[in-house]
Amino acid sequence: MHITYLLATSSNAIYDGKYGQHGRYHTYGQQSFVLDLIGTMSRAGHTVWLTIDDPSRFALTSTLRGMDSVTVTEEIDPSGKTDLILVDDVHDEMLMQFREHIPAFRIVHHAGRRSSDYLVARCERFLCMTENALSLQRRYLPRDRAVLVHQGVDLERFPAVLGKSRPRRPRVLLYCRLDSGREALLGQIIENIDREELLVYVAGEGPGFWQTSDRFGSEIILINHVPCQSIPNLLGEMDVVISLGRGAMEAMATGIPTLCAGHCYAGPITADNIASLMRYNLTGVGSDRDVSLVMTDIREALDTNRHGVRALAEARLSADAFMQSVSDLYAQISG
C-alpha cells in the first residue's frame with residue numbers, strides 16, 4: 001500500500017507549543033507513536049510518504065529518512081499513487097491538497113479533543129486508541145466512524161532485555177513529563193522509595209523539574225529529556241520502571257517490570273489489570289492504590305519474570321497489531 005502520513009510539526013500544537021529546544025521540540029508520546037508506526041509500516045513493505053509542514057523542526061526527520069521506502073518532505077506525493085491518508089495533528093489545508101476520493105483516517109491522540117468540521121466530514125474513520133477516547137469521540141461522531149484500535153510500540157525497536165542479573169543497588173526509572181499534576185504524584189512516589197536501597201533515575205521535563213531537583217537532586221539521577229531514539233538504551237539498563245502511557249508500553253516491551261503511575265498510582269501492570277488500565281491509556285485514572293506501597297511493589301517487581309512481561313507486551317502492545325487493524329479497516333472501506 002502507498003500510505004501518506006500527514007503531520008504538522010512547526011508549532012508542536014499537540015503539546016500546546018511547549019518543550020522547544022534549539023529550533024526543535026522534545027520527543028514525547030506523539031513522536032514516539034509516529035516513529036514506531038512508520039517503522040512498522042516500512043518493514044511490512046508499505047511505501048510511506050510523510051508530509052510535514054517543517055522538516056527542519058521535526059526531531060525525527062533524519063531517523064525516518066534512513067528507513068526503507070519512507071520519504072519525508074513538505075510536499076504531497078507527486079506520483080498520485082496514495083491509497084490511504086493517515087491524518088495526525090494537522091492543519092486542514094494539508095489534507096485539502098488531496099483528491100476527496102482517497103480514504104483518510106484520523107488518528108486521535110487527545111481522547112476528548114474535537115476535530116474540525118472539515119476533518120469530521122472528510123475522514124472515513126477516527127482511530128481511537130483507548131476505550132475512553134472511543135466513548136468521548138462518539139459523542140459527536142457517527143458510531144461507525146469512531147473505531148477502537150489500541151496503539152502499540154515497535155517490538156523490534158524495543159528489543160527484550162531478559163538475561164540481566166540484579167545489581168547490588170537495583171535501578172528504578174521514573175519516566176514521565178513533570179506537568180499536568182503528575183509532578184505531585186511523582187514527588188509522593190520518590191518520598192516513599194528507599195533511595196539508599198535503590199538507585200533512582202527520574203527523566204522528565206516540565207514545571208516540576210526544578211521542584212524535583214530542589215527536593216531530591218542530591219539523592220537521585222535527574223534527567224531533563226531523553227530523545228525517543230535513545231529511550232530503548234536507557235530502558236535496557238533498568239530493573240524496574242514507573243511510568244504511564246507509551247512510557248509504560250515501551251518499558252514492558254523491553255521486558256522491564258513496570259508500575260503504572262500518572263494521574264493516579266495503580267501499581268504493577270499485570271495480565272489481570274492491563275485491560276482496565278488501558279481504558280485510560282495506562283495513566284492510572286480511577287486507581288486508588290496507596291502510594292506508600294511503592295517499595296513493596298518494587299521489591300515484588302524485581303522478582304518478576306521478564307519473559308512474562310515481554311509476552312504481555314507482545315500480546316497487548318504491538319504496533320504490528322495496530323497496523324494490521326488499519327489495513328483491515330482500509331480493506332473494509334475500499335471494497
Side-chain angles (χ1 to χ4, degrees), residues 3 5 7-10 12 14-15 18-44 46 48-73 86 88-89 107 109 129 151-161 164 171 173-178 201-206 209 221-238 241-256 258 282 310 313-314 317-320 322-323:
I3 300 171
Y5 195 107
L7 176 65
T9 61
S10 60
N12 211 33
I14 199 167
Y15 297 114
K18 297 183 289 187
Y19 313 120
Q21 183 173 358
H22 302 298
R24 298 184 184 183
Y25 291 98
H26 287 175
T27 53
Y28 292 115
Q30 180 201 33
Q31 294 89 346
S32 174
F33 171 87
V34 172
L35 178 59
D36 284 1
L37 180 57
I38 291 180
T40 298
M41 291 191 292
S42 171
R43 286 197 307 275
H46 300 293
V48 183
W49 192 276
L50 174 60
T51 300
I52 54 183
D53 56 350
D54 189 350
S56 67
R57 303 203 68 182
F58 187 42
L60 303 178
T61 294
S62 61
T63 300
L64 291 167
R65 281 178 171 161
M67 294 182 179
D68 292 338
S69 303
V70 175
T71 300
V72 183
T73 178
L86 295 179
D88 203 294
D89 192 65
I107 295 170
H109 286 287
M129 293 185 273
Q151 66 172 305
V153 299
D154 184 344
L155 297 174
E156 290 196 22
R157 190 166 79 88
F158 291 91
V161 180
K164 295 180 74 83
R171 293 153 297 194
L173 171 65
L174 286 75
Y175 171 31
C176 70
R177 295 196 310 276
L178 304 179
Y201 292 72
V202 177
E205 164 71 304
F209 179 84
I221 297 173
L222 179 60
I223 305 167
N224 176 263
H225 177 65
V226 180
C228 64
Q229 304 99 310
S230 304
I231 284 293
N233 303 322
L234 178 65
L235 291 175
E237 297 300 318
M238 296 300 135
V241 171
I242 303 174
S243 189
L244 72 158
R246 289 192 66 82
M249 297 178 190
E250 292 165 357
M252 294 179 67
T254 312
I256 312 301
T258 304
L282 299 176
R310 171 70 179 196
E314 290 174 349
L317 305 173
S318 168
D320 293 281
F322 180 95
M323 189 57 218

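For the atom pair CD1 of Ile3 and CE of Met323, the computed distance is 3.5 Å after rounding to the nearest 0.5 Å. Atom OG in Ser318 sits 10.0 Å away from atom CG in Asp36 (nearest 0.5 Å). Rounding to the nearest 0.5 angstrom, the gap separating the CD atom in Gln31 from the CG atom in Leu64 is 11.0 Å. The CD1 atom of Ile231 sits 7.5 Å away from atom NE2 of His225, with the distance rounded to the nearest 0.5 Å. Interatomic distance, CG of Leu155 versus CD of Glu250, reported as 11.0 Å (0.5 Å rounding). How far CG of Asp88 is from CD1 of Ile52: 11.0 Å, rounded to the nearest 0.5 Å.
Between Arg43 and Asp154 there is a side-chain heavy-atom pair separated by less than 4.5 Å. The shortest side-chain heavy-atom distance between Phe33 and Ile107 falls under the 4.5 Å cut-off. Annotation: side chain of Glu156 is not in contact with side chain of Asp320 (no heavy-atom distance under 4.5 Å). For the pair Phe58 and Leu7, the minimum side-chain heavy-atom distance is below 4.5 Å.
Minimum interatomic distance between Leu244 and Cys176 (heavy atoms only, all atoms of both residues): CD2-CB, 3.3 Å. Shortest non-hydrogen contact noted between Ile223 and Val226 is CG2-CG2, 3.7 Å. The two atoms that bring Gly236 and Val161 nearest to each other are O-CG1, 3.7 Å, heavy atoms only. Considering every non-hydrogen atom in both Val153 and Ala253, the closest pair reads CG2-CB, 3.6 Å. Heavy-atom minimum distance, Leu60 versus Cys228: CD2-SG, 3.7 Å. Of all heavy-atom pairs between Ala248 and Leu282, the closest is CB-CD1, 4.1 Å.
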Query raised in the report: So Val202 and Phe209, side-chain contact (heavy atoms from CB on, under 4.5 Å) or not? Walk me through it.
Result: CA-CA 9 Å; Val202 177; Phe209 179 84; over 6 Å; no
Query raised in the report: Does the side-chain contact (heavy atoms from CB on, under 4.5 Å) test come out yes or no for Leu86 and Met41, once each step is laid out?
Result: CA-CA 12 Å; Leu86 295 179; Met41 291 191 292; 4.2 Å; yes
Report task. Dump the intermediate steps for side-chain contact (heavy atoms from CB on, under 4.5 Å) on Met67 and Val48, then the final yes or no. Result -> CA-CA 10 Å; Met67 294 182 179; Val48 183; over 6 Å; no
Query - Worked verdict on Arg171 versus Met238 for side-chain contact (heavy atoms from CB on, under 4.5 Å) - result: CA-CA 5 Å; Arg171 293 153 297 194; Met238 296 300 135; 3.9 Å; yes
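Counting non-hydrogen atoms of other residues, nucleotides and ligands closer than 6.0 Å to CG of Asp68 gives a total of 12 or fewer.
A donor-acceptor contact shorter than 3.5 Å is absent between the side chain of Arg177 and the backbone of Gly206.
Residues passing the side-chain contact (heavy atoms from CB on, under 4.5 Å) test with Pro232 are Arg157, Phe158, sequence neighbours excluded.
For the residue pair Glu237/Tyr201, the side-chain donor-acceptor check at 3.5 Å is not satisfied.
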